[in-house]
Novice: 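Pasting a structure below so you can have a look.
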Amino acid sequence: MSTLTPIEHTAIGALAGVLEVSVMQPTVTVKNALQEGRALPRTPLAFYRGYLVNAGSIAPITAVQFGANRFYELALKKLTGKDSNQAGQIAVAIAAGSTSSLISTPAELIMIQQGRNQRALLAEAQSYVAKNGITALYRGFGPTFIREGLYTGGYLGVTPVLLEFLKGSSALEGYPSSTPLMIAGITGGLLAVTSTQPFDTIKTRMQANVVPKETPEYRNSITTMQHVMKQGGGLKALWSGIAPRALRIVGATFILNGTRTFIVDKVEASRTSK
């Protein structure tokens, strides 16, 4: 287990989050447009609309996920007296992800509203709070809480656990050294996207339609789910936008884990050599 502290993992998470958004932002724009039923942007620059708020929100989100993951690892080790087993690693990652929903819920809401209203970030945040109140920033918190837990459980739990298993497996002997990482990353990413997509769709619809009196069908998670299914022809509607989101999450799985592994290994090697 890493010797780095939760604070150090928090800093690594912030850097990894900015790198991930810089590469994958266009897939977020496409996913939101498909889920909301609006046209795709027409210019390359428009695909990066909301980049600053997304980068500014993802950095603290991944920072919390990395830091909380390390904090819960240490807490579990103190409680049990030993390092986490595979189930424990996944459970810790899920808990870390759910914790990060405290930040991701309001950040994503403002990003979605900015995309719809074409306002500057600060102007959109001020306008939204003035009209709806500060507590309305947590509209969609329930599905976001579940989504973030499952998502982080996939990329910070399942992927590393599967990677370690595959590295020790004789079944991959003779294959390129990168094969275990490729299999673990794709598997963890796809597991994360398929398990979280319905919650992401519900969250996105709720945050795109923020006035319950005007759109009562989006009053809460249950009514939103019912409306999406009725409007889109059943359960399949809950997986709307899965293709760009799958691309984004699989890419994020590689970027986030790769950044964490690279920096942690470098720091650990530096400390060992002293």
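Everything quoted here is computed from the prediction, not taken from an experiment.
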Novice: With a 4.5 Å cut-off on side-chain heavy-atom distances among I, L, V, M, F, W and Y, is there a chain of contacts connecting Leu19 to Val64?
Specialist: no
Novice: On a heavy-atom basis, which atom in Ile90 and which in Gly157 lie closest, and how many Å separate them?
Specialist: CG1-C, 3.8 Å
Novice: When you check the gap from the basic side-chain N to the acidic O, do Arg70 and Glu73 get nearer than 4.0 Å?
Specialist: yes
Novice: If hydrophobic clusters are built by linking Ile, Leu, Val, Met, Phe, Trp and Tyr wherever their side-chain heavy atoms come under 4.5 Å apart, do Ile103 and Tyr51 end up in the same one?
Specialist: yes
Novice: Strictly distance-based, threshold 3.5 Å: is any side-chain N or O of Thr187 a donor or acceptor partner for the main-chain N or O of Thr159?
Specialist: no
Novice: Answer yes or no: is there a donor N or O on one side and an acceptor on the other, between the side chain of Ser195 and the main chain of Ala192, under 3.5 Å?
Specialist: yes
Novice: Hey, does Arg139 have a side-chain heavy atom less than 4.5 Å from the side chain of Asn132?
Specialist: no
Novice: Run the side-chain contact (heavy atoms from CB on, under 4.5 Å) test on Ile183 and Leu172 for me, step by step, so that the C-alpha distance in whole Å, both residues' side-chain angles and the decisive distance to 0.1 Å come before the verdict.
Specialist: CA-CA 11 Å; Ile183 294 175; Leu172 296 179; 4.1 Å; yes
Novice: Do side-chain atoms of Glu217 reach the backbone of Thr223 as a donor and acceptor pair under 3.5 angstrom?
Specialist: no
Novice: Just how far is it from atom CZ of Arg205 to atom NE2 of His227, taken to the nearest 0.5 Å?
Specialist: 6.0 Å
Novice: Give me the atom names and distance for the closest heavy-atom approach of Gly67 to Thr10.
Specialist: CA-OG1, 3.2 Å
Novice: Please tell me whether Ile112 and Val129 are part of a single hydrophobic cluster in this structure, the criterion being side-chain heavy atoms less than 4.5 Å apart.
Specialist: no
Novice: In this structure, are over 12 heavy atoms from other groups packed under 6.0 Å from Ile7 atom CD1?
Specialist: no
Novice: Under a 4.5 Å cut-off applied to non-hydrogen side-chain atoms, are Asn117 and Tyr128 in contact?
Specialist: no
Novice: Under a 3.5 Å distance rule, please check whether Tyr218 uses its side chain to pair with a backbone N or O of Ala208 as donor and acceptor.
Specialist: no
Novice: Any heavy-atom pair between the side chains of Met24 and Leu247 that's under 4.5 Å?
Specialist: yes
Novice: Could you tell me whether a side-chain N or O of Thr62 sits under 3.5 Å from a main-chain N or O of Ala59, the two making a donor and an acceptor?
Specialist: yes
Novice: Is the backbone N or O of Ala123 less than 3.5 Å from a side-chain atom of Ser127, with the two atoms forming a donor-acceptor pair by type?
Specialist: no
Novice: For a 4.5 angstrom cut-off between non-hydrogen side-chain atoms, does Leu156 reach Val92?
Specialist: no
Novice: Which heavy atom of Pro41 sits nearest to which heavy atom of Thr29, and what is that distance?
Specialist: CG-CG2, 3.5 Å
Novice: Are any side-chain N or O atoms of Thr215 and backbone N or O atoms of Pro212, one a donor and one an acceptor, separated by less than 3.5 Å?
Specialist: no
Novice: Find out if a path of hydrophobic residues (ILVMFWY) with successive side-chain heavy-atom gaps under 4.5 Å connects Leu137 to Val211.
Specialist: yes
Novice: How long is the straight-line distance from NZ of Lys203 back to CD of Glu108, given to the nearest 0.5 Å?
Specialist: 4.0 Å
Novice: Quick one: do Glu268 and Leu4 satisfy side-chain contact (heavy atoms from CB on, under 4.5 Å)? Show the steps, please.
Specialist: CA-CA 8 Å; Glu268 297 283 14; Leu4 276 70; 3.5 Å; yes
Novice: For atom CZ of Phe71, is the number of surrounding heavy atoms from other residues, nucleotides or ligands below 6.0 Å larger than 12?
Specialist: no
Novice: Go through the steps to decide whether Leu238 and Leu235 satisfy the test side-chain contact (heavy atoms from CB on, under 4.5 Å), and finish with yes or no.
Specialist: CA-CA 6 Å; Leu238 294 174; Leu235 282 171; 4.0 Å; yes
Novice: Can you tell me how far apart CD (Gln226) and CD1 (Ile202) are? Round to the nearest 0.5 Å.
Specialist: 10.0 Å
Novice: Can you name the closest pair of heavy atoms from Ser104 and Glu148 and give their distance?
Specialist: OG-CG, 3.6 Å
Novice: Measure the spacing between OG of Ser22 and OH of Tyr48 and express it to the nearest 0.5 Å.
Specialist: 7.0 Å
Novice: Under 4.5 Å between any side-chain heavy atoms of Thr152 and Asn69, yes or no?
Specialist: no
Novice: Does Gln113 offer a backbone N or O that forms a donor-acceptor pair with the side chain of Arg116 under 3.5 Å?
Specialist: no
Novice: For Leu40, does the CG atom sit with more than 12 other heavy atoms under 6.0 Å from it, leaving out its own atoms?
Specialist: yes
Novice: Side chains of Thr259 and Glu20: does their closest heavy-atom pair fall under 4.5 Å?
Specialist: no
Novice: So, for Pro160 and Asn257, which heavy atoms are closest and what is the spacing to 0.1 Å?
Specialist: CG-OD1, 3.9 Å
Novice: Find out whether Phe145 and Thr105 are in side-chain contact, i.e. whether some heavy atom of one side chain is under 4.5 Å from a heavy atom of the other.
Specialist: no
Novice: Keeping the roles fixed (side chain from Ser101, backbone from Gly97), state whether a donor-acceptor pair exists under 3.5 Å.
Specialist: no
Novice: Closest heavy-atom contact between Arg219 and Thr224?
Specialist: N-OG1, 4.5 Å
Novice: With the side chain counted from C-beta on, respond yes when Tyr151 and Asp200 share a heavy-atom pair under 4.5 Å apart, and no when they do not.
Specialist: no
Novice: Check whether the side chains of Gln65 and Tyr155 place a donor and an acceptor atom closer than 3.5 Å, and report yes or no.
Specialist: yes
Novice: Would a single hydrophobic cluster contain both Val250 and Val21, if residues Ile, Leu, Val, Met, Phe, Trp and Tyr are joined by side-chain heavy-atom contacts under 4.5 Å?
Specialist: no
Novice: Is the backbone of Leu102 close enough, under 3.5 Å, to the side chain of Tyr138 for a donor and an acceptor to pair up by distance?
Specialist: yes
Novice: Could you state the interatomic distance from OG1 (Thr179) to NZ (Lys167), rounded to the nearest 0.5 Å?
Specialist: 12.5 Å
Novice: Are any of the side-chain nitrogens in Arg271 or Glu8 under 4.0 Å away from the carboxylate oxygens of its partner?
Specialist: yes
Novice: So, taking the atom named CE in Met225 and the one named CZ in Phe199, what distance separates them when rounded to the nearest 0.5 Å?
Specialist: 9.5 Å
